[in-house]
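Structure record follows, encoded as structure tokens.
Chain A is the first sequence line, chain B the second, and so forth, proteins listed ahead of strands; every chain is numbered from 1. What you see below is based on every heavy atom in this structure, not just the backbone, and it leaves out hydrogens, waters and symmetry mates.
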There are 2 protein chains.
Amino acid sequence: MLADTGLQRTSRLWSTLKEVCSLLRIPDDASYGQHDTLFQHVQFKAGQRIHTIGQPFDMLYVVNSGFLKTVAIDVFGNEQVLSFPMKGDLFGVDGIHGKRYESEAVALSNCDVILLPFKKFTSIGKVHPELETAIYSVMSRELIREQAMVSMLGSLSAEARVARFLVNLSERFAEMGYSGRQFNLRMTRHEIGSYLGLTLETVSRTLSAFNEIGLITVDQRAIELKDFSALRTLRRLPPSRGRAKQLAANALAASPEGQVTAA
Amino acid sequence: MLADTGLQRTSRLWSTLKEVCSLLRIPDDASYGQHDTLFQHVQFKAGQRIHTIGQPFDMLYVVNSGFLKTVAIDVFGNEQVLSFPMKGDLFGVDGIHGKRYESEAVALSNCDVILLPFKKFTSIGKVHPELETAIYSVMSRELIREQAMVSMLGSLSAEARVARFLVNLSERFAEMGYSGRQFNLRMTRHEIGSYLGLTLETVSRTLSAFNEIGLITVDQRAIELKDFSALRTLRRLPPSRGRAKQLAANALAASPEGQVTAA
DNA sequence: CGGGAGTTTGAGGCAGCTCAAGCACCGTGG
DNA sequence: CCACGGTGCTTGAGCTGCCTCAAACTCCCG
């Protein structure tokens with residue numbers, strides 16, 4: 001089953017339905033307490049795969065701690081990062097339809113992941129109508145997330161994408177009880193670029209540019225957000241000194257022999 | 001069956017569960033026949049809105065005939081086309097999570113749409129376990145579709161996106177029993193561009209380029225696919241349009257009547 | 001201390017965008 | 001019937017944001 005994809009020794013930790021729901025930010029229901037079903041935790045080390053493309057689907061997964069990425073591989077063999085699941089996120093949903101996972105999930109750090117055997121989970125849903133609705137709700141949430149990604153990739157500039165990425169990360173960290181101002185990236189520039197539809201160089205340059213104009217400070221993986229609201233609303237960077245010079249040079253080059261513009 | 005793909009004026013007013021499932025391409029189940037619940041059809045004229053952003057959610061929708069678009073509107077008021085639902089497609093799913101629709105759905109042609117009151121629909125799911133699984137499956141399918149979009153927007157060139165768009169459309173038309181070779185686009189260049197993360201000019205130019213090198217013929221909304229497999233595997237057009245023309249000319253020069261000089 | 005993976009930065013090129021102009025199509029009203 | 005206006009489509013020309021290629025630097029780990 002999971003053995004070949006790097007299953008670590010099974011932890012002795014188990015979670016109740018109530019705990020799982022709380023993790024997933026699902027509205028609680030008193031009746032869940034009655035259920036004595038326990039869900040198993042599994043530990044993964046950085047780099048290990050939780051599931052791979054084409055592997056038969058039988059589980060959903062919820063992140064209890066740690067950081068992961070999910071990756072699609074297109075027809076031409078290119079990897080594309082689809083999401084960075086972290087505490088409270090559900091993944092594996094894309095396996096439901098075709099009975100096989102359509103993406104792969106990789107641990108970016110040591111992780112603690114809760115297994116939700118799909119059949120078992122949905123059968124509990126029949127006993128607890130609230131849970132069933134909640135499952136639909138979580139899947140809907142995932143869909144909305146993907147729609148937001150599509151929207152972002154379809155219309156935002158590189159700077160705006162990176163800015164939103166930082167803001168989203170910050171909010172996630174804050175939700176998890178960490179600082180939303182200072183944090184360490186868990187992924188490489190390459191992975192961020194893949195996620196945002198940019199090259200790693202563009203990501204690096206954009207972060208450096210944000211750093212230069214005081215929106216953030218960045219040192220390798222360490223990030224500090226300095227101007228949250230500017231990041232939030234950023235659409236396009238103001239002309240840099242370099243670009244300003246360039247524009248000024250162009251303007252000067254044009255004016256001497258050019259016509260005088262009427263006021 | 002519902003195979004009457006004809007005009008809306010004679011369309012049926014109600015469908016059985018069995019018919020809805022068949023439309024959705026959900027594995028059938030004999031027990032559905034027992035259910036006497038009927039689902040209402042509603043007709044929309046081109047341009048009419050089925051639901052708008054922020055409107056309270058209570059229904060899912062299935063397209064019985066006609067063509068629609070779903071649109072997100074981002075923070076800055078920009079429209080972004082998210083999908084082009086057509087016969088057999090489900091939409092409205094993004095409303096489940098927040099109890100309000102996150103996107104709006106607009107009819108591109110006259111449409112016949114089946115209403116699925118969410119509460120009623122899921123409560124039937126409790127009686128028919130197969131149906132419940134099927135609902136999960138359809139939602140999972142939608143998620144996979146969005147993932148594919150993200151993947152496309154993140155990594156493919158303009159030409160590849162347009163080519164895939166045509167191929168996907170073609171396959172959908174074929175599934176619906178129409179010709180997959182010749183069809184009319186139901187959406188504007190602007191809408192296609194928004195969907196693919198391109199400008200309308202780029203869409204237009206790309207279609208013209210495909211036309212010039214013989215992959216398709218295009219005249220306004222009328223499309224004919226000439227080289228399906230080339231469209232399928234197309235990654236990037238030869239370097240520039242100029243050179244593309246050149247190459248096309250060279251290729252044609254090899255065949256008898258192929259003497260073509262660059263314009 | 002050496003090697004590999006990740007990051008930064010520069011220089012230059014090109015795909016796709018912007019701006020602009022003209023054409024095609026279609027419904028409406030004279 | 002045609003004139004007319006509005007919407008959508010095509011095509012051109014120029015620009016630029018992001019990519020590509022390349023080199024050097026940092027950090028980590030054995």
B/Thr70 and B/Ser83: side-chain donor and acceptor closer than 3.5 Å? yes
C/dT9 P sits how many Å from A/Asn211 CG, rounded? 9 Å
Output yes when at least one side-chain N/O atom of A/Arg221 is less than 4.0 Å from OP1 or OP2 of C/dG6, else no. no
Need to verify one output field. Residue with the more 5' nearest nucleotide on DNA chain C, A/Gln220 or B/Thr199? A/Gln220
Under-4.0 Å salt bridge between A/Arg189 and A/Glu191: no
Which part of the nucleic acid does A/Ser204 contact within heavy-atom distance under 4.0 Å: base, sugar-phosphate only, or nothing? base
Closer than 4.0 angstrom, basic N to acidic O: yes or no for B/Glu171 and B/Arg232? yes
Between C/dT9, C/dG16, D/dG8, spot the one nearest the side chain of B/Ala158, thanks. C/dG16
Whole-Å distance separating the NE2 atom of A/His190 from the C1' atom of C/dT8: 17 Å
Interatomic distance, B/Leu156 CG vs D/dC19 P [rounded to whole Å]: 14 Å
As a quick check of understanding, evaluate side chain to side chain donor-acceptor pair (under 3.5 Å) for B/Ser155 and A/Asn78, giving each step before the final call. CA-CA 8 Å; B/Ser155 65; A/Asn78 306 316; 5.2 Å; no
Look at A/Ser208 and C/dT9 and indicate whether a side-chain polar atom (N or O) is within less than 4.0 Å of OP1 or OP2. yes
May I have the distance from B/Asp219 (atom CG) to D/dT10 (atom P), rounded to whole angstrom? 8 Å
Rounded to whole Å, the CZ-P distance (B/Arg189 to C/dC17) equals 15 Å
Rounding to an integer number of Å, can you tell me how far A/Glu159 CD sits from D/dG17 P? 8 Å
Interatomic distance, B/Glu201 CD vs D/dG14 P [rounded to whole Å]: 17 Å
Taking atom CZ of A/Arg235 and atom CG of B/Asp74, what is their separation to the nearest 0.5 Å? 7.5 Å
Tell me which of B/Thr202 and A/Leu198 sits closer to the 5' end of DNA chain D, going by the nucleotide each one is nearest to. B/Thr202
Give B/Gly193 one of three labels, base, sugar-phosphate or nothing, depending on what nucleic acid heavy atoms sit under 4.0 Å from its own. nothing
To the nearest Å, give me how far apart CG (B/Leu207) and P (D/dG8) are. 17 Å
Quick one: the side chain of B/Arg205 and the base of D/dG12, do they pair up donor-acceptor inside 3.5 Å? yes
